[in-house]
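Because only heavy atoms are used, hydrogens play no part in the values below, and waters and symmetry mates are left out as well, while side chains stay in.
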Amino acid sequence: MASCVACGKDVLTYITFDAGGEERRACVHCDHMVEGALLWVIADALETHGYQFGEPPKRGGCSSGCAGCSMKR
């Protein structure tokens, strides 16, 4: 996890590469490049950040709080 300025919260990240081939981290919600230290958490701690494990919620969507989830469509 890392702090995403665009989302205004700590988010999961993924690895991508810039034009020069350097490894970068991006937000899984908005694809914004994130800077700063990574926050390493165990799976149970992710729920305190709004992520859910286990059976999906009955109401639909991924319950992450993002507005553009393809699960809702």
- Looking only at heavy atoms, which two atoms of Val34 and Ala26 are closest? And how far apart? CG2-N, 4.2 Å
- The complete set of salt bridge (Lys or Arg N to Asp or Glu O under 4.0 Å) pairs with one or both residues in residues 26-49, sequence neighbours excluded, reads Arg24-Glu35
- Verify side-chain contact (heavy atoms from CB on, under 4.5 Å) between Thr16 and Glu22, making sure each step is shown before the conclusion. CA-CA 8 Å; Thr16 188; Glu22 294 294 316; over 6 Å; no
- Gap between atom SG of Cys4 and atom NZ of Lys9 - 0.5 Å precision: 9.0 Å
- Message: Do Leu46 and Tyr14 sit in one hydrophobic cluster, given that two such residues count as connected whenever their side-chain heavy atoms are within less than 4.5 Å of each other, even indirectly?
- Response: yes
- Closest heavy-atom contact between Ala2 and Ala37? CB-O, 4.2 Å
- Message: Run the side-chain contact (heavy atoms from CB on, under 4.5 Å) test on Val11 and Tyr51 for me, step by step, so that the C-alpha distance in whole Å, both residues' side-chain angles and the decisive distance to 0.1 Å come before the verdict.
- Response: CA-CA 9 Å; Val11 297; Tyr51 296 96; 3.8 Å; yes
- Query: Atom SG in Cys27, atom CZ in Arg25: separation rounded to 0.5 Å?
  - Reply: 12.5 Å
- Item | Rounded distance [0.5 Å steps], CG in Asp18 versus CD in Glu23 | 10.0 Å
- Task: Determine whether Met1 and Val28 fall in the same hydrophobic cluster, where Ile, Leu, Val, Met, Phe, Trp and Tyr are linked whenever their side-chain heavy atoms lie under 4.5 Å apart.
- Result: yes
